[in-house]
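Read the structure below first, then the notes.
A quick note: this is a predicted structure, and the numbers were derived from the prediction, not measured. Below, chain A is the first sequence line, B the second, and so on; all start at residue 1.
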Amino acid sequence: MTDTPLLHVDMDAFYASVALRERPDLVDEPVVVGGSGRGVVLAANYVARRYGIRSALPMARVRRLCPHVVVLPPDYDTFTTVSASVMETFREVTPLVEAMSLDEAFLDVRGSVRRLGPPEQIAEQLRSRIHDEQGITCSVGVAWSVSVAKVASRRAKPDGVVVVRPAEVTTFLHPLDVGELYGVGEKTRTLLHRASYVTVGDLAHTPVPTLQRAFGRHLGAHLHQLAWGTDRTELVPQAGPHEPERSMGADETFARDTADREAIVRELLRLSARVGGRMRAAGVVGRTVTLKVRFSDFTTITRSHTLPEATDVTVEVHRAVTRLYDALGLRRERLRLVGVRVEGLVPRTAVQRQLVLGEPEHGWEEADRAVDRATRRFGSAAVRPASLVRGRGRTNESEIFPGRLP
DNA sequence: TCTGGGGTCCTAGGACCC
DNA sequence: TCTGGGGTCCTAGGACCC
């Protein structure tokens, strides 16, 4: 408890590094992995970064910064496979692995020191194993709290290790800009700077009540902990039957902004089907359905509705978001994006679905199950609601599963 | 052709209940 | 007659992470 060395392992430019394994001829060229059209950069190799290219930059700006940049499409199947192997390597070091995403994880190595040596030695072992086995590099932060390990790995990039022992925390952290802290983003950084908190040391030497008055009870206390590296040390490993996710959602940006209700309702159906399918695959149901709408000017609103009973039924989710959409009363406003999310998820086994004799509603569950079976056999492209197959035309529930009317 | 898609957590107000 | 206070649920928005 008092001595829990943590490793934060972070792949360097993960998607780009994996993509470049297939294209070694491009390693010295500026390369980004990203979508086409209205997409953004998912990863940029270090050559591209010399042009100022960063993750999340719009592709249009990337081409302006570096006209000869090579753009590779993301291959999520390969990313997922490589990630699984890397995580497996982590678990050979310690079972206490908290995966943060495909390309990064925290490792609690307190139980591994006896077997494998001090934390920095474990870090180097991991780095050479991943390099040899996967052909990609990673960086490791070694520290005694989550946020310090995270900041350390960032400063170790690329292809390095940074160790911050407990006695070194203040020397390491306090000169840094507040924006370097894990959990302080652009907005909070600006807020802090405007209030004359520029370095981490500035925060550290301010009493907690003062910070709480200025930034809220929770954020104020949290900032103080971050500034002293006294945030959490216990990891949450995802081993075994982990608790279900709290929400599942899907959203999509239109290729072109649209105000056409038919197109929007059709898109909501696609998204509802995607979310419903994932919920059923995970065995969860949820009661709160949320619609997300982003307008042309990028302002974004959400509207949610809590159903009397939890559901995983595509048609019920779709009906709820369509009602929320219609209640907005939009006329000419063009939409850039719509999204569907279901929150408050619980295992399906935990809720007793109300059985109402003669209620037609529940026939949709069978229809969903049929779709799920077909999807498993033939792939998602093969099975879709009828109103999505026809390019245009009316969209109503009776069209969605022709021949399977309850 | 500026700005993706998947999440988590926090805040704050109002309803409602005790 | 100046009128409390806590807990929970619902809704909307916002910040942050990768």
Please determine, for the side chain of A:Thr302, which listed nucleotide (B:dG4, C:dG13, C:dA15) has the closest atom? C:dG13
For A:Val265, is there any backbone N or O sitting under 3.5 Å from a side-chain donor or acceptor partner on A:His318? yes
Which listed nucleotide (C:dT11, B:dG4, B:dT8) is nearest to the side chain of A:Leu42? B:dG4
Applying a 4.0 Å non-hydrogen cut-off, can you work out what A:Gly35 is touching in the nucleic acid: base, sugar-phosphate, or nothing? nothing
Nearest of B:dT8, B:dT1, C:dT11 to any side-chain atom of A:Glu245? B:dT8
Aromatic A:Phe298 / basic A:Arg294 pairing, under 6.0 angstrom, 45° off normal: yes
From CD of A:Glu104 across to P of C:dC16 the rounded distance in Å is 17 Å
Taking only side-chain N and O atoms of A:Arg287, does any of them lie within less than 4.0 angstrom of OP1 or OP2 on C:dC10? yes
To the side chain of A:Ser247, which of B:dG6, C:dC18, B:dT8 is closest? B:dT8
Please confirm whether the shortest side-chain N or O distance from A:Arg246 to OP1 or OP2 of B:dC9 is below 4.0 Å. yes
Is the phosphate of B:dG5 approached by A:Thr253 (side-chain N or O, under 4.0 Å from OP1 or OP2)? yes
Between A:Gly37 and A:Val40, which has a closest nucleotide on DNA chain B that is more 5'? A:Gly37
A:Met59 near the nucleic acid: base, sugar-phosphate alone, or nothing, with a heavy-atom cut-off under 4.0 Å? nothing
Distance, rounded to the nearest Å, where A:Leu223 contributes CG and B:dC10 contributes P: 14 Å
Is it true that a side-chain atom of A:Asp12 and a backbone atom of A:Asp159 form a donor plus acceptor pair closer than 3.5 Å? yes
Look at the side chain of A:Pro58 and decide which nucleotide, out of C:dC10, B:dC2, B:dT1, has an atom nearest to it. B:dC2
Quantified in whole Å, what is the P atom distance between nucleotide B:dC2 and nucleotide C:dC18? 28 Å
Without decimals, in angstroms, what is the distance between A:Glu343 CD and C:dC9 P? 15 Å
Take A:Asp251 and A:Arg64, find for each the nucleotide of DNA chain B with the closest heavy atom, and name the residue whose nucleotide sits nearer the 5' end. A:Arg64
Ignoring hydrogens and angles, tell me if any N or O in the side chain of A:Asp108 forms a donor-acceptor pair with the backbone of A:Leu96 under 3.5 Å. no
Short side-chain N/O contact to C:dC10 OP1/OP2 from A:Ser304, under 4.0 Å: no
State which of B:dG6, B:dG4, B:dT8 makes the closest approach to the side chain of A:Arg336. B:dG4
What is the distance, to the nearest angstrom, from the OH atom on A:Tyr182 to the P atom on C:dA15? 19 Å
Ignoring the backbone of A:Ile301, work out which of B:dT3, B:dG6, C:dG13 is nearest its side chain. C:dG13
For the pair made of CG in A:Asp10 and P in C:dC17, what is the distance, rounded to whole Å? 13 Å
Would A:Arg256 pass as a cation-pi partner of A:Phe254, given that its NZ or CZ must be under 6.0 Å from the six-membered ring centre and within 45 degrees of the axis? no
Could you check how far CG of A:Leu102 sits from P of C:dC18, rounded to whole Å? 13 Å
Who pairs with C:dC18 - Watson-Crick or G-U, where each distance is under 3.5 Å: B:dG5
How would you label the contact of A:Arg38 with the nucleic acid (heavy atoms, under 4.0 Å): base, sugar-phosphate, or nothing? sugar-phosphate
Interatomic distance where CZ belongs to A:Arg270 and P belongs to B:dG5 [whole Å]: 10 Å
For the side chain of A:Arg303, counting heavy atoms from C-beta on, which of C:dA12, B:dT11, C:dC17 is nearest? C:dA12
Report yes if at least one side-chain N or O of A:Lys292 is closer than 4.0 Å to OP1 or OP2 of C:dA12; otherwise report no. no
Could you give the CZ-to-C1' distance, from A:Phe106 to C:dC18, as a whole number of Å? 12 Å
Work out how far the P atom of C:dC17 is from that of B:dT3, and round it to whole angstrom. 23 Å
Roughly how far apart are A:Leu173 CG and A:Thr199 OG1, rounded to 0.5 Å? 10.5 Å
Where does B:dC2 land, syn or anti, once you apply the within-90°-of-0 test for syn? syn
A:Thr188 side chain: which of C:dC18, B:dT8, C:dA15 is closest? C:dA15
Counting only side-chain heavy atoms from C-beta out, which of B:dG5, B:dT1, C:dT11 sits nearest to A:Leu337? B:dG5
Verdict with supporting geometry, A:Phe215 and A:His224, ring pair (Phe, Tyr, Trp, His ring centres under 6.0 Å): CA-CA 11 Å; A:Phe215 307 112; A:His224 199 262; over 10 Å; no
